Amino acid sequence: MNILYRACASKKNYQLNILEMLRKKEIFEKCTVISQTLDHGDRYPEKYYHEIQAGHGYHASYNAVCDYDALPAVPRDIWQKMLPYKSTVMDMTCRIYNMHLMTYDEMEMIYIKHVRFWNWVLTADNVGFCFFTAVPHTGWEYTIYALAKVSNIPTLLINEIWIEEMCAVATDLSNFGSSAAVCFQKHEHIGLDQNSYIFYKKIMQKHLVTTRKDKKKVIINMNQWQKKLFYKPVLNTVLKRAKMKKRLKKGNDPYITVRTIWNCNNDIKYACRHKVLRAEMKGQKYYNRKLTNVVNLNEKYILFSLQLTPEATTLPQAGVFSNQLLTVQLLAEAAKEKGIKVYVKEHWIQNGRTAEFYNELSMIPNVYFIRSDIDNDLLMKHAYMVSSQTGTCIVEAFTKCIPCLIFSYNSSAEAPGVYYVGSKNEILHAIDQVKVKRRPTVKAARKYFEAICKTSVRSSLDWNENRKYTVQECTEDIVGLITDYINKGMPQQYYYENNNLDIRY
């Protein structure tokens, strides 16, 4: 069998070692590996691997991989089957790389390029299984996922939960966390390893998952990075264009054409449009102007935590509810009927949204903005319910036995006191249930937290020198996961339990 493996950031041959272990187990004959090597260490032998660098997907630069114009046409039935996924792919082209700078036609052309190239890869390489080291959150990754689904190619995905280097397992974006629900019912006692135990203690003692000191460092780094996002590419492109013009005048370089120089102009245009957009973005100061004057902790309110954009809100797990305006509007309307306010709190790291987003959000009846620096523990402690799509606040709340509303099926979806909702009637029913049901016990909440950890693999999506788990432990988990899944016949309803974890607490 041939497989496709979407590798995450790799150093010191990390991903290559995983694949070599799988090859020696005869898991695959040939592997199409989408690589993201940070130190150029992972070198894949052509005999067993077809390597495609992730950068070509990010920039849709498929001409560098193959003769794109000569690729076979995509069958009509594939285009039709891809229609339910099309809008999500196009939305993902508007991530941080270009920040909504494209017209509809430009986004559609990129969508067409993604589908045409990756459909050719899956067909030409005869791929029979796809593995993703993270939830597809860019257009090209999601295109591969969608093509695998419409072509009935089994898929296996992992995605980080709130604990560093711990990832949930799923065969579909809609069943992340299903193993945790089974594990919760299956075992009388589960237990935690040291890393997850430390995280659990932080949640139970104080809101210290990310300290104020750490938050300040992250914000400074992000501001510096966003400056580089404009100035460095523009400077490099201007210099590159000047050199190309000189080489074009000499006329002895077949690779330099008017077209390549035009592409440089296009890059500068996008960078300048990005600069204009950044100037139009509104930060925390603009948000603070719309704050409610008084936060009354004694009245009934549902706390809704906004998620970081563009990052968590481009993840497709929440489906249509990745649109936060739609989510808040539905929640506020239902809560108003029950006489409950909705307090909306901005994400602490969010340093820019469009003015239209804040204006429209502030016009939704029954919505009240609160400061993002208000103590989160205090707000959750007095909240009637806590709500989000996939935010960390959910695990912080349910472990403290605070009722929750979530709009995305994930690892916490079936935890005690958590209500997975998708309509107004379901929200109203959940609010009523909180009135009549007792809050879950700390023992039950902790057991579900343990079940989440027990059904997770150890893996780091971004290479980190200060790892919580060793490279060997992460490698063992990924190899064991893929081997187990394939040996079980690659079922759609796949239950995973990590027997490698050292359970001590």
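Fair warning: this is a prediction, and the values are worked out from it, not measured in the lab.
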* Answer yes or no: is there a side-chain heavy-atom contact under 4.5 Å between Thr143 and Glu141? => no
* **Close side-chain approach of Lys345 to Leu306, heavy-atom, < 4.5 Å** => no
* Has the side chain of Glu426 got a donor or acceptor atom that lies under 3.5 Å from a matching backbone atom of Gly422? -> yes
* Asked: Do side-chain atoms of His137 reach the backbone of Val135 as a donor and acceptor pair under 3.5 angstrom?
  -> yes
With sequence neighbours excluded, residues passing ring pair (Phe, Tyr, Trp, His ring centres under 6.0 Å) with [X]:
X	result
Tyr419	none
Tyr485	Phe129, Tyr494
Tyr145	Tyr142
Tyr5	Phe131

* To do: Indicate, with yes or no, if the rings of Phe199 and Trp162 have centres closer together than 6.0 Å.
  => no
* To do: Kindly indicate whether a cation-pi arrangement holds for Arg458 with Tyr469, taking the cut-offs as under 6.0 Å to the six-membered ring centre and within 45° of the axis.
  => yes
* To do: Quick one: which residue pairs count as a side chain to side chain donor-acceptor pair (under 3.5 Å) with a foot in residues 407-417, not counting sequence neighbours?
  => Tyr409-Glu414
* Asked: Is it the case that Glu299 and Tyr384 place a side-chain donor and acceptor less than 3.5 Å from each other?
  -> no
* Going by atom types only, do Ser174 and Asp172 share a side-chain donor-acceptor pair under 3.5 Å? -> yes
* Are any of the side-chain nitrogens in Glu188 or Lys447 under 4.0 Å away from the carboxylate oxygens of its partner? -> no
* With sequence neighbours excluded, give me every ring pair (Phe, Tyr, Trp, His ring centres under 6.0 Å) pair touching residues 433-457. => Phe184-Tyr448, Tyr200-Phe449
* Give the ring-plane orientation class for Phe407 versus Phe321, where under 30° counts as parallel, over 60° as perpendicular and anything between as tilted. => tilted
